Amino acid sequence: MKFVDVNPYFFPYKGGIERRMDDLARRLAARGHDVTILTARLPDTPEEEKSEAGYRIVRVKSRFLNIYNPPYVTSSGVLETLNSLDADVANYNYRWAPSWNKDMARYDGPKLFTVHNMWNEGIGIEAKISSINDKRFIKKVLPSFSHLVCVSRYVQDSTVALGFPREMTSFIPCGLSEDPTPNTSPEGDYILSLGRIVKTKGLKYMVEAMKDVDSKLIICGKGPEAKNLEKQISTLGLQDKVEMRGYVPEEEKNSLMDGCRFFVMPSLFESFGLAAIELMSHGRPIVCTNVNGLPATVGDGGITVDPADPKALAEAMNRLLKDDGLRKEMGEKALEYAKSYSYDRFMPKYEGILEAVAQGRTPEPD
């Protein structure tokens, strides 16, 4: 099978979608399929290359506007390039790039769309822009796809609520790039937050909660809200308790996840929570919000609280800090739950969905 996975962003840009694309492409290539990633051409990247995992990457001419994370992208030649790749089936992963949306809607080959994010996701003006974009995408673009893959049951139910038949949808969660190994690192003296620094992650409520938490918090990641967080930390006088490290390389990130006491994820929207299972795979519990698909992702591996509630966050963090036994017990449950998110569990089902769409059939129901 010739499979083309389409997204405006790919390595060296690394986000949750891009990691999922790489994980699936590696496994499909290893199962004997011809796999190509079609993406925008980032600065200093070649037009085409072959990955060490055996799949091909094709990049089209693009322009980027760095007003958000990820940046706004416009590209030319998406439809022409996709047609030239002569795919048996193509998958599209994004909905905030009009030039890509337009060409994907016009593409008449077998195709499916993967729903990664919550519909109408955003805060303030971002929510209004997101709502306008999603209404247009749902009306003009989404009906052109024969099948929709959803990364969580919550996303699936929300998509069906838009009026799409349930049999038109399937559930394939995100997974871990590698199966977890036992974490033998000693527990450190810090709490960890890891991810994009954007409003929808609710980080300002976590920082406010730290006024009532006797521990160090390390925040890793970058994004447009970083300066606002730094100002908030200074205003609240939390410089000795809250450290912003910015982007950290993979080795340092893994070391921090190994050594933290637990992870905090105060999201306001979270379709699935890939960062949550990544942290849980290190045998550490999590304090997170009970939004969208996040509670189902975390299971018994953490404590969930209402979103935008600093007091509830502080209480949950203090509960784990003061109870070593509970922290250990939840960490063990977190590891076991993370093990269930192995891509190998879902590859036969995903492969079956791709083959069904390629052949014009309806995939087997969930």
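Values below: all heavy atoms of this structure, side chains included; hydrogens, waters and symmetry mates excluded. All of these numbers come straight from a predicted model, not from anything done at the bench.
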Give a yes or no on this: more than 12 heavy atoms of other residues, nucleotides or ligands lie within 6.0 Å of atom NZ of Lys349. yes

Does Lys135, at its NZ atom, have more than 12 non-hydrogen atoms belonging to other residues, nucleotides or ligands within less than 6.0 Å? no

When you check the gap from the basic side-chain N to the acidic O, do Arg56 and Glu49 get nearer than 4.0 Å? no

Could you check whether Glu336 pairs with Lys339 (Lys NZ or Arg NE/NH1/NH2 to Asp/Glu carboxylate O, under 4.0 Å)? yes

Polar side chain donor-acceptor pair, Asn7 to Asp5, under 3.5 angstrom: no

List the steps and the verdict of salt bridge (Lys or Arg N to Asp or Glu O under 4.0 Å) for Glu278 and Arg19. CA-CA 12 Å; Glu278 184 178 13; Arg19 284 180 52 191; 3.0 Å; yes

Electrostatic pair Asp214-Lys241, nearest N-O below 4.0 angstrom: no

Does the Asn318 side chain pair with the main chain of Ala314, one donor and one acceptor, at a distance under 3.5 Å? yes

Could Asp103 and Arg106 be called an ion pair, given the rule that one side-chain N must be under 4.0 Å from one carboxylate O? yes

Within the side chain of Thr45, is there an N or O that forms a donor-acceptor pair under 3.5 Å with the backbone of Arg41? no

Rounded to the nearest 0.5 Å, the CD1 atom of Ile218 sits from the CZ atom of Phe263 at a distance of 12.5 Å

May I ask you to decide if Glu270's main-chain N or O and Ser267's side chain share a donor-acceptor pair within less than 3.5 Å? no

Between Arg27 and Asp23 the two heavy atoms that sit nearest each other are NH1-O, 3.1 Å

Should Glu187 and Arg327 count as an ion pair when the cut-off is N to O under 4.0 Å? yes

Any donor and acceptor pair, going by atom type alone, linking the side chain of Ser281 with main-chain N or O of Leu279 inside 3.5 Å? no

Shared ILVMFWY cluster between Leu162 and Met168, side chains joined below 4.5 angstrom? yes

Looking at Lys128, is its backbone amide N or carbonyl O close enough to the side chain of Ser131 to form a donor-acceptor pair, meaning the two atoms are under 3.5 Å apart? no

Could you go step by step and tell me if Met280 and Met257 meet the side chain to side chain contact (heavy atoms under 4.5 Å, CB included) rule? CA-CA 9 Å; Met280 291 161 62; Met257 289 192 289; over 6 Å; no

Under 3.5 Å, is there a donor on one side chain and an acceptor on the other for Asn101 and Tyr92? yes

Check whether any side-chain N or O of Thr200 sits under 3.5 Å from a backbone N or O of Leu268 as a donor-acceptor pair, and report yes or no. no

Quick test of your reading of the model: are Glu351 and Arg31 salt-bridged, counting only N-O distances below 4.0 Å? yes

Test item: side-chain donor near acceptor, His282 and Asp258, under 3.5 Å: yes

Among Ile, Leu, Val, Met, Phe, Trp and Tyr joined by side-chain contacts under 4.5 Å, find the other residues sharing a cluster with Tyr247 and list them by chain and number. none

Note: Trp96 and Asp134 closest approach over all heavy atoms is NE1-OD1, 4.2 Å

Chi angles and distances behind the ring-ring contact (aromatic ring centres under 6.0 Å, His included) call for Phe171, Tyr154: CA-CA 10 Å; Phe171 165 55; Tyr154 191 97; over 10 Å; no

Flag the pair Phe113 / Phe137 as yes when their ring centroid distance falls below 6.0 Å, and as no otherwise. yes

Where the side chain of Arg20 meets the backbone of Leu24, is there a donor-acceptor pair that is under 3.5 Å apart? no

For the backbone of Val60 and the side chain of Ser75, can you confirm whether one donor and one acceptor N or O come within less than 3.5 Å of each other? no

Got more than 12 heavy atoms from elsewhere within 6.0 Å of CG, Asp240? no

For Asp366 and Gln156, test the side chains for any donor-to-acceptor distance below 3.5 angstrom and give the result as yes or no. yes

On a heavy-atom basis, the closest approach of Asn290 and Pro307 is OD1-CD, 3.3 Å

Could you walk me through whether Tyr55 and Asp22 satisfy the side chain to side chain donor-acceptor pair (under 3.5 Å) test, starting with their C-alpha distance in whole Å, then the side-chain angles of each, then the deciding distance to 0.1 Å, before giving a yes or no? CA-CA 9 Å; Tyr55 63 82; Asp22 175 64; 2.5 Å; yes

Do Leu192 and Val248 sit in the same hydrophobic cluster, where Ile, Leu, Val, Met, Phe, Trp and Tyr count as joined when their side-chain heavy atoms come under 4.5 Å apart? no

Would you verify whether the NZ or CZ of Arg95 falls within 45 degrees of the ring axis of Trp100 while also being under 6.0 Å from that six-membered ring's centre? no

Does this structure show an ion pair linking Lys333 with Glu329, if we count only N-O contacts that are shorter than 4.0 Å? yes

Glu332 and Arg284: salt bridge (Lys or Arg N to Asp or Glu O under 4.0 Å), yes or no, with the steps? CA-CA 7 Å; Glu332 291 171 350; Arg284 304 300 189 201; over 6 Å; no

When rounded to the nearest 0.5 angstrom, what distance separates OG in Ser193 from CE in Met206? 3.5 Å

Could you check whether any side-chain N or O of Lys2 sits under 3.5 Å from a backbone N or O of Leu85, counting only pairs where one atom can act as donor and the other as acceptor? yes

Is it the case that one hydrophobic cluster holds both Ile353 and Leu28, taking links as side-chain heavy atoms less than 4.5 Å apart, direct or via other members? yes

Does Gly325 offer a backbone N or O that forms a donor-acceptor pair with the side chain of Asp323 under 3.5 Å? yes

For a salt bridge (Lys or Arg N to Asp or Glu O under 4.0 Å) check, start with the C-alpha distance between Glu47 and Lys61, then their side-chain angles and the critical distance, and finish with the verdict. CA-CA 8 Å; Glu47 291 184 13; Lys61 185 177 180 181; over 6 Å; no

Cluster question for you: counting only ILVMFWY and a side-chain heavy-atom cut-off of under 4.5 Å, with indirect links fine, are Ile303 and Leu217 together? yes

Does a donor on one side chain sit under 3.5 Å from an acceptor on the other, for Ser144 and Lys111? yes

Among Thr235, Asn228, Leu236, find the one that has a side-chain contact (heavy atoms from CB on, under 4.5 Å) with Val207. Leu236

Of the non-hydrogen atoms in Phe272 and Ser152, which two are nearest, and what is the gap between them? CD1-CB, 4.3 Å

Salt-bridge criterion met for Lys231 and Glu225 (N-O under 4.0 Å): no

Glu250 bridged to Lys253 by N-O distance under 4.0 Å: yes

Exercise: do Glu121 and Ser130 side chains pair donor with acceptor under 3.5 Å: no

Would you say Ser271 and Asn117 are linked by a side-chain donor-acceptor pair, where the criterion is simply a distance under 3.5 Å? no

Please indicate whether Arg136 has more than 12 foreign heavy atoms, meaning atoms of other residues, nucleotides or ligands, lying under 6.0 Å from its CZ. no

Would you call Asp324 and Lys328 a salt bridge, using N to O less than 4.0 angstrom? no

Give a yes or no on whether the ring-centroid distance for Tyr190 and Phe262 is below 6.0 angstrom. no

Salt bridge or not for Lys311 and Asp212, using N-O below 4.0 Å? no

Report yes or no: do Val160 and Met118 belong to one cluster of Ile/Leu/Val/Met/Phe/Trp/Tyr joined by side chain heavy-atom distances under 4.5 Å? no

